[in-house]
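Owing to the predicted nature of the structure, the values given are computational and were not obtained by experimental measurement. Every chain is numbered from 1, with letters handed out A, B, ... down the list of sequences.
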Amino acid sequence: MRSREIVLKLVGVCTTAKLLTQLHSLIIRTGLNHDIQIAAKLTELYIELLPVQTARKVFDEIPQPSGYTCNRILQRFCGIKRYGEVLSLFSSMFSFEKPDHFTLLFVLKACSALNALNFGRLIHGFGIKHGNIHSNMFLGSALIEFYSKCGDMDDALRVFEEYTKPDLVLWTTLVTGYEQSFKPDEALAVFTGMMMTHGVSPDPVTLVTVVSACTQLLNLKAGKSVHGLVIRMNNESPLPVSNALLNLYAKTGSIEYAGNLFRMMEEKDVISWSCIISCCAHNGATDRAISLFDEMIHKGVEPNSVSVISALQASEACCNLEKGRQIHELAFQKGLELDILVSTALIDMYMSCCSPKEAIMVFDRMLNKDDVSWFSLLCGCVQNGMFYKSMQIFCDMMASDIQPDATVMVKTLVACSELGIIQLTSCLHGYVIRGGFTSNSFVGASLIECYAKCGSLEEADKVFEGLTDKDVVIWSSMFASYGIHGQARESVNLFHRMVTDSTVRPNKVTFLSILAACSHAGLVEEGIEFFNMMLYKYQLMPESKHYAIIVDLLGRTGELDKAMCFINQMQSQVGAHVWGALFGACRIHQNAEIGEAAARNLLQFDPDHAGYYILLSNMYAVDGKWDDAAELRSAIKEKQLKKITGHSVVRL
DNA sequence: CTAGGGTTAG
């Protein structure tokens, strides 16, 4: 009798697994393991202290576990997210122990995680039948969360409405449910109802969810009023709330608000830094994004993959290869390079900074690649003019059993059209059909243009006529195809066929194709006619590229003054290719005066482009302006510019 | 033994 009490006391103070095993063997030797009370205590300890599998074994050996013990083991499994085992355990204990509301709580949690809608409904029904669940807020929120996670907001709302006096947690669970189910409007409506008609004040948890809802809606105005509420409620808002607000400002591109809030925040973590860096990186403040990243590192904040990705995107946007490399080094040291998202951001950065070699090295080092990393690699190679490599990557993708999607097909077709190998195009055409891409108009358009660029207008036309559902993209690609072959008349005729035979409305790209076709064939009048049609009949604002074509068109026939006038009356910003077109025309027609103006404008876009200097100096030379020519030549030397040698390839 | 939550990413 005495030893029993001692054992019980010992069990009470046992805190480690090691002590427990020693104690257990002692208990077995004394035969006290048959004592129900001691066995129960032991089990509880096992459940708490031992690896779950052992705990489970111990539990299974108990002939009559109490409800409390059952709940403890369920709780343990819930804690380590082994939800499948929670459900199977529950099913096995159902025969001997009546579940109480604690049991149901754990099981519902498992059902939510596993999306086990039917199982959860069963639990819900059981709860209704065997107890007054509507007096228990804990069960209520578990049920609301369960239905929300299973995507059944109607039932979630029904549960909520059973409560006559829902507390803040219950309200918040409902708001969160709507927000997580991508119904931010409803989330905000419930929130306003809670505050206005029921007079319940939110706490930080509620506020975070509400701000997330505003972010989903990109509703800056609503978000700002929540911010106002936060300020009125509390002088110093908790970090999660500030971070949520920061994210709202970042996502809505409100760089000013984000900056102000960030500066005001007393406490900051990686998330805060990541938000502000990503905000700057995506809204044109790339240098600031980079300096913020440096500041973060300097302050000893440990970077995570997200902050590294944002900093890489900033380097990418401002083509800062050196900075990109530095961040790469840092990511490598921190072991973040293993993250697929980081590697992919690195590939994008190197590709955009014209260093495909380094991008490929990153790719080759990746342990597991997903379809996005493959796509980044493919895209980058096309961007960098490595068309053979792009085709090779496409083949490697297929060999690695990666299913190409429509965007991959488009990029591959672009690479193929640059290579100009028609047999390859036929192969890809076959794949387009087998892969079921025929209904995708972007793939269709790329295929048409690919055939055209490989020299086969017939094949392009065959594809075009074979498509039953021609949208504006498909039509435009065919106009462009005729244009490539100098058949502007056919292009124009086809345009009229589109307008009369279909309901398709031309867009800016359509006019780009038509104008290019006219320019290519020297159809000056028609080109200007189309330009006016675009402007007046279809009310489409021409962009710099459209102007460039018209300038090119006028330039070809030597109407340089007219072209200059045209540029002067442009509404939109004059892009580099507009000046390029004018400059090219001036070279052909030997107009050094306008040519100089064009070249000076061009150099503003690309100050180090040796080609412009040389062509301009040639123009001076032909005009006999030797001094000007010499001056320019020495400027080139001074800047140490080298002309990049041009080359072209023809494949038969 | 009990409930609702943060953020960034191709």
Note to self: Looking at the base of B/dG4, is there any donor atom on it, or on the side chain of A/Asp203, that sits under 3.5 Å from an acceptor on the other one?
What the structure shows: yes
Next item on the list: Ignoring the backbone of A/Leu105, work out which of B/dC1, B/dT8, B/dA3 is nearest its side chain.
Entry: B/dA3
Sequence neighbours left out, cut at 3.5 Å: what donor-acceptor pairs do the side chains of residues 338-350 of chain A make with other protein atoms?
{"unit_1": "A/Asp339", "atom_1": "OD1", "unit_2": "A/Leu341", "atom_2": "N", "d": "2.7"}
{"unit_1": "A/Asp339", "atom_1": "OD2", "unit_2": "A/Ser305", "atom_2": "OG", "d": "3.3"}
{"unit_1": "A/Ser343", "atom_1": "OG", "unit_2": "A/Glu337", "atom_2": "O", "d": "2.7"}
{"unit_1": "A/Ser343", "atom_1": "OG", "unit_2": "A/Asp339", "atom_2": "O", "d": "3.0"}
{"unit_1": "A/Thr344", "atom_1": "OG1", "unit_2": "A/Ile340", "atom_2": "O", "d": "2.7"}
{"unit_1": "A/Asp348", "atom_1": "OD1", "unit_2": "A/Ser376", "atom_2": "OG", "d": "2.9"}
{"unit_1": "A/Tyr350", "atom_1": "OH", "unit_2": "A/His328", "atom_2": "ND1", "d": "2.7"}

Next item on the list: Could you state the atom-to-atom distance from CD of A/Gln180 to P of B/dA3 in whole Å?
Entry: 18 Å
Notebook entry, point to check: Which pairs count as side chain to side chain donor-acceptor pair (under 3.5 Å) when at least one residue sits in residues 177-196 of chain A, sequence neighbours excluded?
Noted result: A/Glu179-A/Gln216
Next item on the list: Using a strict 4.0 Å threshold on nitrogen-to-oxygen distance, state whether A/Glu322 and A/Arg325 make a salt bridge.
Entry: yes
Item checked: Sugar-phosphate, base or nothing in reach of A/Ile347, heavy atoms under 4.0 Å -> nothing
Checklist line | Given B/dG5, B/dT2, B/dG6, the nucleotide with the shortest approach to the side chain of A/Phe102 | finding: B/dT2
Notebook entry, point to check: Rounded to the nearest Å, what distance is computed from the CD1 atom of residue A/Ile340 to the P atom of nucleotide B/dT8?
Noted result: 20 Å
Next item on the list: Check every strand shown and say whether A/Tyr68 touches a base, only sugar-phosphate, or nothing at a heavy-atom separation below 4.0 Å.
Entry: base
Checklist line | Atom pair distance, as rounded to whole Å: CD in A/Gln75 and C1' in B/dA3 | finding: 13 Å
Notebook entry, point to check: What pairs with A/Lys81 under side chain to side chain donor-acceptor pair (under 3.5 Å), at least two apart in sequence or on another chain?
Noted result: none
Check: When you measure from every atom of DNA chain B, which of residues 264-274 of chain A have a heavy atom less than 4.0 Å away?
Finding: A/Asp269, A/Ile271
Checklist line | Separation of B/dG5 C1' from A/Lys149 NZ (nearest whole Å) | finding: 10 Å
Margin query: Classify A/Ser212 by what it touches in the nucleic acid, base, sugar-phosphate, or nothing, heavy-atom distance under 4.0 Å.
Written below: sugar-phosphate
Next item on the list: Tell me whether the OP1 or OP2 atom of B/dT7 has a side-chain N or O from A/Lys251 closer than 4.0 Å.
Entry: no
Notebook entry, point to check: Taking the side chain of A/Val205 as heavy atoms from C-beta outward, which of B/dG4, B/dT8, B/dG6 is closest to it?
Noted result: B/dG4
Next item on the list: Give me the residues of residues 164-178 of chain A where at least one heavy atom lies under 4.0 Å from an atom of DNA chain B, by number, or none.
Entry: A/Asp167, A/Leu168, A/Val169, A/Thr172, A/Thr173, A/Thr176
Next item on the list: Mind listing the closest non-hydrogen atom pair of A/Val211 and A/Val226 along with its distance?
Entry: CG2-CG1, 3.7 Å
Next item on the list: Among the candidates B/dG4, B/dG5, B/dC1, find the nucleotide nearest to the side-chain atoms of A/Pro204.
Entry: B/dG5
Checklist line | Whole-Å distance separating the CG atom of A/Asn136 from the P atom of B/dG4 | finding: 13 Å
Check: For A/Tyr163, which residues count as a ring pair (Phe, Tyr, Trp, His ring centres under 6.0 Å) partner, sequence neighbours excluded?
Finding: A/His134
Next item on the list: From the options B/dG4, B/dC1, B/dG6, select the nucleotide whose nearest atom is closest to the side chain of A/Phe106.
Entry: B/dC1
Margin query: Ring of A/Phe375, cation from A/Lys411 - is the NZ or CZ under 6.0 Å from the centre and inside 45° of the axis?
Written below: no
Checklist line | Nucleotide nearest A/Asn304 when distance is taken to its side chain, options B/dT8, B/dC1, B/dG5 | finding: B/dT8
Hey, can you pull the donor-acceptor pairs under 3.5 Å for the side chains in residues 275-282 of chain A, sequence neighbours left out?
{"unit_1": "A/His282", "atom_1": "ND1", "unit_2": "A/Ser278", "atom_2": "O", "d": "3.1"}
{"unit_1": "A/His282", "atom_1": "NE2", "unit_2": "A/Gln313", "atom_2": "OE1", "d": "2.9"}

Checklist line | Spacing of A/Glu179 atom CD relative to B/dG5 atom P, expressed in whole Å | finding: 10 Å
Notebook entry, point to check: Where along residues 394-407 of chain A does a heavy atom come under 4.0 Å from DNA chain B, residue by residue in number order?
Noted result: none
Notebook entry, point to check: Do any pairs count as a ring-ring contact (aromatic ring centres under 6.0 Å, His included) and have a residue in residues 244-269 of chain A, sequence neighbours left out, and if so which ones?
Noted result: A/His227-A/Tyr249, A/Tyr249-A/Tyr257, A/Phe262-A/Trp273
Notebook entry, point to check: Once you round it to whole Å, what is the distance between C1' of B/dG4 and CG of A/Leu143?
Noted result: 14 Å
Check: Starting at NZ of A/Lys109 and ending at P of B/dA3, how long is that distance when rounded to a whole Å?
Finding: 5 Å
Next item on the list: Return the set of residues passing ring pair (Phe, Tyr, Trp, His ring centres under 6.0 Å) with A/Phe437 (not counting sequence neighbours), or none when no residue passes.
Entry: none
Next item on the list: Just jot down the ring pair (Phe, Tyr, Trp, His ring centres under 6.0 Å) partners of A/Trp171, sequence neighbours excluded, or say none.
Entry: A/Phe160, A/His198
Checklist line | Selection residues 295-311 of chain A - residue pairs positive for salt bridge (Lys or Arg N to Asp or Glu O under 4.0 Å), sequence neighbours left out | finding: A/Glu295-A/Lys299, A/Glu302-A/Lys334
Note to self: Less than 6.0 angstrom separating the ring centers of A/Tyr147 and A/His124, yes or no?
What the structure shows: yes
